[in-house]
Amino acid sequence: MDCEGLVRTWLKDSFEITLPGCGGGDKIVPSKDDRFGDWQCNDAMGIAKKAGKNPRELATAVIAACPLPSILEKAEVAGPGFINLTLSKSAVAAGIRAMGADCHLSIPQIGAGKKVVIDYSSPNVAKPMHIGHIRSTVIGNAIDRIRRALGYEVIADNHLGDWGTQFGILIMGYRHFLTEAERAALTVELLEMVYVKSYNATKSDPAWLDQCREELVKLQAGDADNLAVWKLFIEISMKEFSRIYQRLGVTFDLYRGESYYQPMLATTVDLLKEKGLATQSEGAWIVDLKEDGLEVAIVRKSDGGFNYTTTDIATVRSRVEEFNPERIIYVTDERQQLHFRQFFHICEKLGLCEKTALQHVWFGLMRLPDATFSTRQGNVIKLETLLDEAAVRARKIVDESHPDWSEADRAKLAEAIGIGAIKYADLSHDPITMIVFTWERALALEGNSGPYLQYANARINSLLDKYRETVGGHPLENTLILSNGAEKQLALWLLQYSTAVQRAGDLCKPNVLADYLYQLSQLYSSFYQSSPVLKAEPAIRDSRICLCALVSQVLRSGLTLLGIPTPERI
RNA sequence: GCGAUUGUAGCUCAAUUGGAUAGAGCAUUGGCCUCCGAAGCCAAAGGUUGUGGGUUCGAUCCCCGCCAGUCGCACCA
């Protein structure tokens, strides 16, 4: 049995002996402050209250009730009735041993046998990815990686915006505003440019607008020419998206855009009609959600077209039928909360949620200090520009610290640091917080930042190298001694890794893990400063290098779960 | 107006979901490279947790009122 389980059982037994029939206290949490021991149990107060007893007396009686498990050095009562537990150093060392050589293995496989679909990133075709896409992509990908580590079978699906009214406008623009040469070397930038031109034309020229509609109808009817152009748009867009995803280290299992579900829309509305859920109002088909306290949802527009509510319902039907997942997680910005609540309710009424939970993980918008990002104001920052700028800033420092490295090595490292900085800046905040974008914050390289964590890891790597050169052997197999407080604190924190991963996964909040890793790095840096490793006497040296190796393992594992690169050298 | 959500140090954020003296980073001030990597470490200063009530042994966290910000509220997604 593991240490925690042992102590929990002891506490529970103690409580039951003290207070028959009152349920045992078995909740132990790590203490915030080492003055309060390593772990603490705060149940005595609540239980004493219920039983009408004095909490301090109860806590004292609990400790006296059963002999202390050998792994505990001491247990004492403090304050109103806290039970503070101090673990023996050998028990902590044993706990670390139990983590195994590969800390990935210590992550509880709570998702084994469960399938989950995660729908994230989902940019629109024919538009460049901009800064507004980064949160869904980075947060979604971290949740994806964390859930996989927890044993879930994850299907990451990129629900591309590849179908909709914009394509009529786009096709007209493509045919009239581009030269032969431009069409031959088509880019997303060109597509965006012609879209804007064509869109403006619809405002000033009614005949143009009619033609756009006509092209859209032709496309939807399967016209070969328009279909070919549409496919070209997707191909061009995917090329650019792939380039960015590769830089970000993001991969998907599926790229099923809205167009994939297009053939299922009519039957989905038919089903809603059959079930008596859809009714006609003002020429449109709607689902009334008044009894759920929500606005009506339109499932078929008065012009006969479908909208995103219908597409999303069809998507759920398709996913439930094909994958039968335990859960579908959507990662989008906060503006879509109402929409998700609406169509989740409709799915429930359709009986789609019996085995599949639908979850909307929303995040706050990213905005500028004095404005929101908007295409109309022309203040959007392209995602690629952001990544480039990050690499440039990192490059300056890399050049200073490694003038002897090759050009290629320096470029590669700068990229890893830049991407790490950007991702960490996002992942270290609770998703629901609104992010006010500034270059300084997004690309921070010091303090609580991605590079700080990467740096800690790189330093350990070089320490490990030196150890192998001078001493040899396998650091991870050395005996742990934990001779001082800093070492014990570090070891105790290492033991918390699996809970941090699980909490981050359960809550869909990657910042829980980011926070854990940051604290680990801080504890390590502190330890590193105060405790010499290679110069210590052999037994201590071997133990400390083992601790370093463990920290490095956890850092690598954790950063990887966040999708942050871990360069060997910085 | 209705609904969601936020308000914590000058700024950006934490606080293991109700626990002990509310913690970090940035910025400011002072110290540490003759010593395993200074993208680092140590220290100082910085707080009536928006505000007023309530619940209880205990509240940043739960409940009610008010103030302020952000987002949404029928055919774009």
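None of these values were measured; they are calculated from a predicted model.
- The side chain of A/Ser462 places an N or O atom within less than 4.0 Å of a non-bridging phosphate oxygen (OP1 or OP2) of B/rG37.
- For residues 446-468 of chain A, the pairs satisfying ring pair (Phe, Tyr, Trp, His ring centres under 6.0 Å) are A/Tyr452-A/Tyr518, with sequence neighbours left out.
- At the heavy-atom level, A/Ala48 lies nowhere under 4.0 Å from the strands shown.
- Residue contacts shown for A/Ser302 include a base, since a base heavy atom lies under 4.0 Å away.
- Secondary structure note: stems in RNA chain B built from 3 or more consecutive Watson-Crick or G-U wobble pairs under 3.5 Å occupy B:1-7 with B:67-73, B:10-13 with B:23-26, B:28-32 with B:40-44, B:50-54 with B:62-66.
- Here, B/rA77 and B/rG65 have their P atoms 37 Å apart, quoted to the whole Å.
- Within a 6.0 Å sphere centred on OH of A/Tyr199, heavy atoms belonging to other residues, nucleotides or ligands number 12 at most.
- In this structure, OG in A/Ser401 is found 9.0 Å from CD1 in A/Ile570, a value given to the nearest 0.5 Å.
- Side chain of A/Ser281, nearest nucleotide from B/rC71, B/rA74, B/rU21: B/rA74.
- Counting non-hydrogen atoms under 4.0 angstrom, A/Asn54 reaches nothing in the nucleic acid.
- Applying the 6.0 Å contact sphere to NZ of A/Lys509 captures more than 12 heavy atoms from other residues, nucleotides or ligands.
- With centroids closer than 5.5 Å and planes inclined by less than 30 degrees as the test, A/Tyr528 and the base of B/rG40 fail to qualify as a stacked pair.
- A cation-pi contact links A/Arg256 to A/Tyr260, judged by a cut-off of 6.0 Å to the six-membered ring centre and 45° from its axis.
- Atom CG of residue A/Leu272 and atom CD1 of residue A/Ile313 lie 5.0 Å apart, to the nearest 0.5 angstrom.
- Using a 4.0 Å heavy-atom cutoff across all strands shown, A/Thr470 reaches no nucleic acid atom at all.
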Below 3.5 Å between N/O atoms, which protein atoms pair up with nucleotides 1-10 of chain B? Just atom names and distances, please.
{"residue": "B/rA4", "atom": "O2'", "partner": "A/Gln337", "partner atom": "OE1", "Å": "2.6"}

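- Both geometric conditions, a ring-centre gap below 5.5 Å and a plane tilt below 30°, are not fulfilled together for A/Tyr452 over the base of B/rG40.
- A/Tyr455 contributes no side-chain N or O that forms a donor-acceptor pair with the base of B/rA39 under 3.5 Å.
- Here B/rG40 is the nucleotide among B/rC73, B/rU17, B/rG40 with the atom lying nearest to any side-chain atom of A/Ser525.
- Checked against A/Gln454 for a side chain to side chain contact (heavy atoms under 4.5 Å, CB included), the options A/Ile417, A/Thr566, A/Leu555 give a single hit: A/Ile417.
- Partners of A/Tyr528 under the ring-ring contact (aromatic ring centres under 6.0 Å, His included) rule, at least two apart in sequence or in another chain, are A/Tyr524.
- Counting heavy atoms of neighbouring residues, nucleotides and ligands inside a 6.0 Å radius, atom NZ of A/Lys273 exceeds 12 of them.
- Among B/rA39, B/rG40, B/rA20, the nucleotide with an atom closest to any side-chain atom of A/Ile570 is B/rA39.
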For nucleotides 13-16 of chain B, print each protein N/O atom paired with a nucleotide N/O atom at under 3.5 Å, atom names and distance only.
{"residue": "B/rC13", "atom": "OP1", "partner": "A/Met434", "partner atom": "O", "Å": "3.1"}
{"residue": "B/rA14", "atom": "OP1", "partner": "A/Asp430", "partner atom": "N", "Å": "2.9"}
{"residue": "B/rA14", "atom": "O2'", "partner": "A/Asp515", "partner atom": "OD2", "Å": "3.0"}
{"residue": "B/rA15", "atom": "O2'", "partner": "A/Lys32", "partner atom": "NZ", "Å": "3.3"}

Protein-proximity profile, nucleotides 22-27 of chain B, B/S/- by nucleotide at the 4.0 Å heavy-atom cutoff, equals --SSS-

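- Between B/rU48 and B/rG3, the two C1' atoms lie 32 Å apart (nearest whole Å).
- The NZ-C1' distance, from A/Lys290 to B/rC73, rounds to 14 Å in whole Å.
- Between the side chain of A/Asn307 and the base of B/rA74 there is no donor-acceptor pair of N/O atoms closer than 3.5 Å.
- Using a cutoff of 4.0 Å between basic side-chain nitrogens and carboxylate oxygens, A/Arg569 and A/Asp465 are scored as salt-bridged.
- The A/Phe82 side chain lies nearest to B/rA20 when the options are B/rA77, B/rG40, B/rA20.
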